[in-house]
Amino acid sequence: MFENAPIIKSTKEFTATRNACKLCAPLGASVAFKGIRGCVPIIHGSQGCATYIRRYLISHFKEPVDIASSNFTEEATVFGGGANCDRAITNVIGQYNPEVVALTTTCLSETIGDDVKMYIHDYKKNSELKDLPAFVTASTPSYQGSHMDGFHEAVGAAIKAFAKGGEKGTHINIFPGFVSTEDLRQLKYLLSDFGIEFVMLPDYSETLDNPIWNTYKRIPEGGTPVSAIETCGRAAASIEFGTILNSGALSGRVKNTKLSATGAEYLEKEFEVKNYRMPLPIGVKNTDRFFNVLEEISGKEMPIRYLTERGRLIDSYADGHKYIFGKKAVVYGEEDFVVAMTTFLDEIGVEVVLAATGGESGNLEDQIRANCPERGEQILAKNMFDYEKIREWCQENKPDLLVGNSKAYYIARELDIPIVRCGFPIHDRIGGQRIKHLGYAGTQDLFDQVVNTMIQYKQDHSPVGYKYM
Amino acid sequence: MDAFINDRQNSILTKGKDNAAIACGKASVAGSVSQRACVFCGSRVVLYPIADALHLIHGPVGCAAYTWDIRGSLSSGPQIHRLSFTTDLKEKEVVFGGEERLYKALISLIDTYKPKGAFVYATCIVGVIGDDVEAVCRRVTREKGIDVIPVMSEGFNGTKKDGYKIACGALSKLIGTDTSFEAPEHSINILGDFNLAGELWMLAEYYKKMGVNLVAAMTGDGRVDDIRKAHKAQLNVVQCSGSMIGLAKEMKEKYGIPFMKVSYFGIEDMSDALYEVAKFFKSEEMMEKARKLVTEEISKLLPQLAQYREKLEGKKAAIYVGGAFKAISLVKALRLLGMKTVVVGSQTGNVDDYNLLKDMCDDGTIICDDSNPNELSEFVKQTGADLFIGGVKERPIAYKLGLGFCDHNHERKEALAGYEGMLNFAKEVYASVCSPVWQFMK
Ligand code: SF4
Ligand code: SF4
């Protein structure tokens, strides 16, 4: 017989992290860099990190994800990774002919103090190639933060590397954060319907979610071109999803090699591009906020299509509210995702009892309180949590529902708690990249799922089963 | 192939065209998108299935997060191995050292999970910050009374193969520590099977039917206390020679236990694996039982295979797997299904393996070491393969290009070893190659 792990009090302290509810920084950075057109990320460090990260991403996106590695050996570790960095760039250029080469560091290259910026500077100086690609580098040691820090660091690095000032235009910048490829597509349709010109960074809606190919593409199509990123400094405004982003760190940084500013922050400071920062538009309230800002910036009214979408969504709230009211939910995953999901569940009458993340900003609790007017005060919000803590907490508190990525499936299974899969990663189903979360349409999908999951649970556990709700 | 990385030309050859030996066993070229992982990965996959041991990964979070429950190695009892423990180093430890954190982590985990032993994996960063992992392990061993074994597997210190060696070193520290055990007659250890999808249970059952006793499985459904007794077996049966052959050699030297290399994939190799053991024990009775078992199994299997063979006859396959030994078995197994191998490569093969592959394959077959997506997709196109056999990382390449795929790696959920496994293999290949969905991708 399979033995389950021992019953452990959720308050017990472990120095170790047990089943981490976060990933490491170069993963986030690689995803962000994949959203730049013609970009090949190189993870500067030893090979394992890159291979593991690729494998992890491939299992979610079900796509080829080419990320190169500078393949540190012992020699590089002792004498510095400069030579490896050079060779990696040369080989990536030779193999892929990329428009952009993006370097992201690892714990190893950071610890030995590699100066990647200098390597690139020297590389450019010494290279005999005529058309060198553009370069961007992100400093992403994982001991300074999770994959979300890496993600925002990379976006910030790209903005800093490429954005230029100049006469203001009418276009806007949109920084969607780490959302699904379907979400990115939805955002693009939505902004087009609004008649707003925009630059979205990153945009991996195609690069990480391609149609089938006739021939293998070394670099998949899609992504935001560098020429578009250049115009970000002249945009009328930025919209940035997420209120926690890469702020703060409970673990305390000793060195500060990172930008600690997001792309939008940088643009506001450097080029006076007004930044509208808001939670991910999940739920009616959050989405209303997003549309209000779009109306404000563009001076146009919400296209009728979205007004109807909104109406339909609220209509369905009425249809489904009873089945979920007062149900106790645990929400987990990336911090900004957790805040937005919790806000949504709060507005439909689900009681979020635990909001947990492996992230280390220390701001989760504040943001939950600020955004959840119904029950915000009673929600247990936990930074630096891991899945085993979540599991132990669930054992004691018996929630009705888990909402988040596929990694908590084992808890759902063991404790017979239904789970709504959303966010990242979804490793045990197809279509994780196509899950819609954002806007009225995304909220509609999530709402239907939450309600139906509760109904199905009841139906499956009913002695008779039933044919009507 | 001019767009390929120049340094890699010697690691690719076409049978009938190139006569030089293949270049292999080298570190990957910087800037390639290698399908290989690191030293740590090699150690981790070998030791992972030991189910009643604590596996603590000392380093920043990633190395542990990405290896959480990634193998389909089943346990018949404890499940501690499926938890991902890490010291999750922060900048403070990177600067001031992580020994204290490691010590505390070990103590609280051992107190709670009461494992029979513990493995502490040192990752890249630990090698650089200079933690004395061995000293911490010694201290905890003393205080907690269980073996806490350091696995010095810093990722940069070689290739995945080196990781296998280090893992074998860790196992050999356990082997021989149970001095009171006496093994019954006709006892073997099974090395190099990881009980993916319960394969070990199947094999153990076959051997049991022949009257062969299993002392320790390393490491499928592994237990610390069994491994301690492994030195008493009379024979080591080694599969997947890449990862475990070193340990077998060591045990031969140290304890005088002979070993034989086997493979459990495909009918021929599986049957040989049983016959060879019977031959070794020089027991006619055992041989008789083996023959009976093989005849029974095959007469059950062949009629079932026929329908698949009919559909698959003449189809072409590309193979890219971790170990070359496995590749060799796969070429044979595919032949049994009437299929031809047109591309074959591995992450960790050696010159002998590749020579053997060269002998087995038809002219025109491409043979490669440590390949990458660019190359693999090119090979597949050139040869017009219908099927790709590989791991998770190769799957999307195959699907993107509209060809079938069979997962033959650590993560798989279907048993592919043994006779039952051969049938599963045929079913899986058939289900993918003959699916009507490919019509839309031509
Ligand atoms: S060393 Fe750092 S970058 Fe590499 S996998 Fe581990 S946590 Fe991630
Ligand atoms: S840090 Fe080192 S040990 Fe960890 S995954 Fe990367 S290469 Fe492997």
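Chain A is the first sequence line, chain B the second, and so forth, proteins listed ahead of strands; every chain is numbered from 1.
Residue with the most contacts toward chain A among F85(B), W68(B), Y113(B): W68(B) (heavy-atom pairs, distance under 4.5 Å). Between chain A and the residues A105(B), G155(B), A65(B), the largest count of heavy-atom pairs under 4.5 Å involves A105(B). Taking T112(B), D111(B), L89(B) one by one and counting their heavy-atom pairs under 4.5 Å with chain A, the maximum is reached by T112(B). Here K22(A) is the residue among H44(A), K22(A), K217(A) with the most heavy-atom pairs under 4.5 Å with chain B. Options I53(A), T90(A), I112(A) differ in how many heavy-atom pairs under 4.5 Å they form with chain B, and the most are formed by I53(A). Among the candidates S59(A), S70(A), S146(A), the residue making the largest number of heavy-atom pairs closer than 4.5 Å to chain B is S70(A). Ranked by heavy-atom pairs shorter than 4.5 Å toward chain B, the options E63(A), H427(A), E75(A), R87(A) are led by E63(A). Of the residues considered (S142(A), A20(A), S69(A)), S69(A) shows the highest number of contacts with chain B, using heavy-atom pairs under 4.5 Å. Interface check for chain A: of the options C38(B), P396(B), G62(B), the most heavy-atom pairs under 4.5 Å are formed by P396(B).
For Y387(A), the part lying under 4.5 angstrom from a heavy atom of chain B is the side chain only. Heavy-atom distances place no part of I42(A) under 4.5 Å from chain B, backbone and side chain included. Interface residue E388(A): only side-chain heavy atoms are found under 4.5 Å from chain B. With a 4.5 Å cut-off on non-hydrogen atoms, I107(B) does not touch chain A at all. For T77(A), the part sitting under 4.5 Å from any heavy atom of chain B is the side chain, from C-beta outward, and nothing else. Contacts between N210(A) and chain B at a heavy-atom distance below 4.5 Å involve backbone atoms as well as side-chain atoms. Only the backbone of P211(A) comes within contact range of chain B, with heavy atoms under 4.5 Å apart. Only the side chain of S46(A) comes within less than 4.5 Å of a heavy atom in chain B; its backbone stays farther off. With a 4.5 angstrom heavy-atom cutoff, K400(B) touches chain A via backbone and side-chain atoms both. Residue T123(B) does not touch chain A at all, counting heavy-atom pairs closer than 4.5 Å.
At most 12 heavy atoms of other shown residues, nucleotides or ligands fall within 6.0 angstrom of atom NZ in K104(B).
Counting only distance, with no hydrogens or angles, the side chain of D221(B) and the backbone of S76(B) share a donor-acceptor pair below 3.5 Å.
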Stepwise salt bridge (charged side-chain N to carboxylate O under 4.0 Å, His left out) test for E392(A) and R18(A): CA-CA 11 Å; E392(A) 284 145 16; R18(A) 300 166 305 143; 2.8 Å; yes

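Below 30°, between 30° and 60°, or above 60°: for F151(A) and Y204(A) the angle between ring planes is above 60°, a perpendicular geometry. Ring orientation note: the planes of Y66(B) and Y56(A) are nearly perpendicular, at an angle over 60° on the 30°/60° scale.
A distance of 3.5 Å separates CD of E334(A) from NE2 of H147(A), quoted to the nearest 0.5 Å. Rounded to the nearest 0.5 Å, atoms CE (M384(A)) and OG1 (T357(A)) are 10.5 Å apart. Atom CD1 of residue I50(B) and atom OG of residue S75(B) lie 11.5 Å apart, to the nearest 0.5 angstrom.
The aromatic ring centres of F72(A) and F156(B) sit 6.0 Å or more apart.
F14(A) carries K12(A) over the face of its six-membered ring, with the cationic atom under 6.0 Å from the centre and within 45° of the normal.
Of all the heavy atoms in T73(A) and N84(A), the pair that sits closest is N-ND2, 4.4 Å.
Using a 4.5 Å heavy-atom threshold, the side chains of I58(A) and R395(B) count as separate.
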